[in-house]
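Report on one structure; see the data block that follows.
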Amino acid sequence: MQDVASLVTQAREGRPRAVARLISLVEGASPQLREVMAALAPLAGNAYVVGLTGSPGVGKSTCTSALVTAYRRQGKRVGVLAVDPSSPFSGGALLGDRVRMSDHASDPGVYIRSMATRGHLGGLAWAAPQAIRVLDAAGCDVVLVETVGVGQSEVEIASQADTSVVLLAPGMGDGIQAAKAGILEIGDVYVVNKADRDGADATARELNHMLGLGESRGPGDWRPPIVKTVAAREEGIDEVVEALEKHRAWMEERGVLAERRLARASREVETIAVTALRERIADLHGDRRLSALAERIIAGDLDPYRAADSLVEGLTEG
């Protein structure tokens with residue numbers, strides 16, 4: 001058993017091993033998970049969470065690494081949660097993102113963690129919200145969450161980040177992707193990376209056109225900017241940071257940031273409750289109560305919805 005209080009103290013002091021152990025407890029759904037979350041609750045809520053998403057190959061990891069450099073120049077502590085595909089053999093992260101960000105490995109002001117999706121759809125690991133809280137409580141000023149490149153289903157990042165950055169690149173079919181509703185609904189800032197390639201201007205124009213077609217904004221509403229970058233050379237990254245800071249200031253001024261964080265906490269509570277209920281239902285397989293309800297459905301005495309209501313009532317009362 002880990003000494004959670006000691007780990008939390010060490011994490012606050014910036015010790016990476018303590019942060020790693022706390023995230024491991026979270027990711028492994030440790031019996032101490034509740035104790036960890038209780039200890040972190042009063043310490044979290046200060047970090048600015050930025051989500052980066054986009055199709056595979058657009059340069060998310062390179063852009064994330066460049067953003068880390070930019071924020072470190074400002075003296076900010078940065079946490080990076082890089083969600084990698086799961087290994088089909090071990091179930092662990094393939095660690096590609098952490099390898100690509102190795103330039104920051106020796107910086108004590110940067111903490112980088114790869115997490116496996118472990119079959120969870122939506123581009124994030126199931127434990128991502130709790131891992132973000134660990135990095136937040138450990139004193140990170142900014143937490144960058146990079147999703148696995150899975151295409152249109154990556155919209156889940158919008159529910160976990162304060163600001164969502166959507167990356168595109170010329171010559172990768174992004175014009176077709178932009179016509180689909182998914183990425184147009186979640187982006188607060190759009191980045192056309194690899195802007196030194198042919199077609200970058202056309203991609204930016206098409207994206208701007210599609211954003212205009214989908215607009216239903218009133219006066220003073222946020223209009224997502226489009227920033228062109230060459231992340232491999234850190235070109236345009238300062239402009240991305242400026243756009244992020246402008247979006248944060250806009251959210252704080254209008255109360256949107258508080259609303260987003262409230263909605264995020266609500267979804268987290270709901271997810272934990274639903275997961276607990278699902279586990280209790282799974283324990284009923286072979287249980288006489290479930291079999292009795294199934295027999296009544298077959299006999300026509302009960303419909304499936306009333307049976308489910310009865311089952312949920314029994315579980316919540318128990």
Side-chain angles (χ1 to χ4, degrees), residues 11 16 19-30 32-34 36-37 39-41 43-54 56 60-61 63-64 67-68 78-87 91-98 101 110-167 182 186-188 260-276 278:
V19 179
R21 286 175 182 168
L22 287 171
I23 294 181
S24 293
L25 290 175
V26 166
E27 199 172 12
S30 165
Q32 292 181 281
L33 179 56
R34 289 175 180 269
V36 170
M37 289 298 106
L40 296 179
L43 305 173
N46 301 306
Y48 177 41
V49 182
V50 178
L52 294 99
T53 189
K60 293 191 296 296
S61 295
C63 188
T64 300
L67 283 172
V68 171
V78 184
V80 179
L81 196 61
V83 183
D84 276 336
S86 298
S87 164
L94 294 177
L95 304 181
D97 290 326
R98 189 154 58 179
M101 294 182 216
V110 179
Y111 183 85
I112 300 170
R113 174 71 176 226
S114 291
M115 293 185 73
T117 54
R118 299 190 179 183
H120 183 78
L121 299 179
L124 291 177
W126 73 272
Q130 288 79 27
I132 291 170
R133 185 174 287 106
V134 171
L135 295 174
D136 183 355
C140 291
D141 301 297
V142 179
V143 176
L144 303 175
V145 183
E146 180 198 333
T147 72
V148 61
V150 296
Q152 288 290 111
S153 65
E154 284 185 278
V155 296
E156 186 180 339
I157 186 59
S159 69
Q160 299 298 338
D162 296 322
T163 298
S164 296
V165 178
V166 175
L167 280 84
I186 70 167
D188 298 306
R260 288 192 175 192
R261 291 180 174 179
L262 181 63
R264 190 159 74 218
S266 298
R267 278 188 295 267
E268 188 176 2
V269 172
E270 180 183 351
T271 299
I272 292 170
V274 169
T275 300
R278 187 180 293 122

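The line from CG of Leu167 to OG of Ser61 is 10.0 Å long, rounded to the nearest 0.5 Å. We find the CD1-CG distance between Ile132 and Asp162 to be 9.0 Å, quoted to the nearest 0.5 Å. If you take CG on Leu81 and CG on Leu52, they are separated by 11.5 Å, rounding to the nearest 0.5 Å. Here the CG-CZ distance, from Leu262 to Arg260, works out to 13.0 Å after rounding to the nearest 0.5 Å.
Looking at every heavy atom in both residues, Gly45 comes nearest to Arg261 through O-NH1, 3.4 Å. Pairing each heavy atom of Asn46 with each of Leu43, the nearest pair is ND2-O, 3.6 Å. Across all their heavy atoms, Gln160 and Pro129 have their closest contact at OE1-CG, 3.4 Å. Here the closest heavy-atom approach between residue Cys140 and residue Ala47 is recorded as O-CB, 3.2 Å. Contact record, Ile23 with Ala131: CG2-CB, 4.3 Å, taken as the closest heavy-atom pair. When every heavy atom of Leu25 is checked against every heavy atom of Gln32, the shortest pair comes out as CD2-OE1, 4.2 Å.
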- Task: Go through Val36 and Gln130 one step at a time and tell me if the side chain to side chain contact (heavy atoms under 4.5 Å, CB included) criterion holds.
- Result: CA-CA 10 Å; Val36 170; Gln130 288 79 27; over 6 Å; no
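Between Met37 and Arg34, every side-chain heavy-atom pair lies at or beyond the 4.5 Å cut-off. Within the 4.5 Å cutoff, the side chain of Val165 has no heavy atoms near those of the Leu67 side chain. By the 4.5 Å heavy-atom criterion applied to side chains, Leu33 and Val26 are counted as neighbours.
For the pair Lys60 (side chain) and Gly54 (backbone), a donor-acceptor distance under 3.5 Å is present. A donor-acceptor contact shorter than 3.5 Å is absent between the side chain of Asp141 and the backbone of Tyr48. Not one N or O on the side chain of Asp136 forms a donor-acceptor pair closer than 3.5 Å with the backbone of Ala44. With hydrogens and angles ignored, the 3.5 Å screen pairs a side-chain donor or acceptor of Arg113 with a backbone N or O of Ala20.
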